Amino acid sequence: MDFKNLVLTEEDGIGIVTITREKALNALNTQTMLELQYLFTEYGQKWAVSGIVLTGAGEKAFVAGADIKEFLGMSAEGGSKMAQRGHDIFFAIERFPKPVIAAVNGFALGGGCELAMACHMRVAGENARFGQPEVNLGIIPGYGGTQRLIQYIGKGKAMELLMTADMIKAPEALQLGLVNHVVPAGEEIAKAKEILLKIASKGPVAIAKIIESVNAYFDEKQDGFAKEVNAFGETTGTSDFIEGATAFVEKRKANFKGN
Ligand code: CAA
């Protein structure tokens with residue numbers, strides 16, 4: 001698949017993915033969703049980067065939501081199919097075995113807020129605005145917003161934001177736990193890269209197992225503690241663990257190979 005709405009670059013071994021529908025405030029139309037699906041399923045498996053920064057083109061928006069213009073004439077069945085596809089794609093991001101950080105450079109609304117929440121961390125510029133304004137359109141969030149917002153900010157505040165459609169600014173998002181860091185506008189990617197470079201020096205298998213184990217807490221089909229026991233065992237069976245422990249004893253920096 002050719003990328004038309006995503007631009008992929010590499011900096012210092014980190015993948016930078018930019019959604020490039022700036023005139024539509026990077027709204028997630030079908031083509032963009034299919035490209036995200038391809039990126040986080042097939043392409044991402046072989047892309048030799050240690051982590052990914054996801055951002056939106058321009059200074060105004062990260063992503064202003066699903067593309068509302070594609071909603072016209074949508075049936076109930078079409079809506080369910082669209083939401084299911086969105087869930088599958090956003091789960092692929094959440095379960096991606098390398099760290100994914102959203103660099104939120106402006107509006108993160110509706111599907112845009114949901115996309116940011118599916119990433120493992122969020123770095124927001126001071127001008128970022130978060131919200132789930134779907135009730136303004138007479139619909140509810142369809143890409144996981146009713147579930148993931150609770151995970152970050154708790155039920156009461158989630159109920160308020162989901163029902164009022166209020167937007168919150170970056171400092172409030174930080175205070176609520178929705179974002180990890182707030183930085184001056186324009187420095188979102190640099191901060192996300194700084195975090196990813198730190199993670200790149202750790203054992204890649206351990207990082208993948210952290211992602212799996214933390215996600216297991218939110219998966220009712222899994223016992224997160226049992227998952228941790230197994231994942232711990234899997235990490236102790238790696239060459240990286242031998243290298244990490246040996247490097248500690250030899251008082252040197254570990255050189256992890258990812259196996
Ligand atoms: N879909 C399609 N186009 C969008 C869009 C969206 N979600 N958001 C913005 N645009 C387009 C506008 O139509 C406009 O295009 P034209 O120039 O061709 O008219 C362009 O982007 C610029 O937008 P505005 O002129 O509206 O810019 P503004 O500064 O006046 O307002 C804004 C900015 C507050 C973000 C406003 O654009 C807005 O409210 N956007 C919609 C936000 C929204 O409701 N998102 C939720 C979508 S539903 C969803 O996401 C469901 C789900 O969970 C899957």
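Counting starts at 1 for both ligands and their atoms, in listed order. Quick caveat, the model's predicted, so the values are computed rather than measured.
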Using distance only, find each side-chain donor-acceptor pair of residues 180-190 under 3.5 Å and give its atom names and separation, not counting sequence neighbours.
from: Asn180; atom 1: OD1; to: Arg122; atom 2: N; distance (Å): 3.0
from: Glu188; atom 1: OE1; to: Gly186; atom 2: N; distance (Å): 3.1
from: Glu188; atom 1: OE2; to: Gly186; atom 2: N; distance (Å): 3.2

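With sequence neighbours left out, the side chain to side chain donor-acceptor pair (under 3.5 Å) criterion links Glu194 to Lys191.
No side-chain donor from either of Gln151 and Gln147 sits under 3.5 Å from a side-chain acceptor of the other.
Within the 4.5 Å cutoff, the side chain of Phe130 has no heavy atoms near those of the Leu161 side chain. Counting heavy atoms from C-beta outward, Leu6 and Thr32 have side chains that approach closer than 4.5 Å.
Sorted by first and then second residue, the salt bridge (charged side-chain N to carboxylate O under 4.0 Å, His left out) pairs with a member in residues 198-219 read Lys209-Glu212, Lys209-Glu234, Glu212-Lys227; sequence neighbours excluded.
For ligand 1, the protein residues placed under 4.0 Å by at least one non-hydrogen atom are Lys23, Ala24, Leu25, Ala27, Lys60, Ala64, Gly65, Ala66, Asp67, Ile68, Lys69, Phe71, Phe107, Leu109, Gly110, Gly111, Glu114, Pro133, Glu134, Leu137, Pro141, Gly142, Tyr143.
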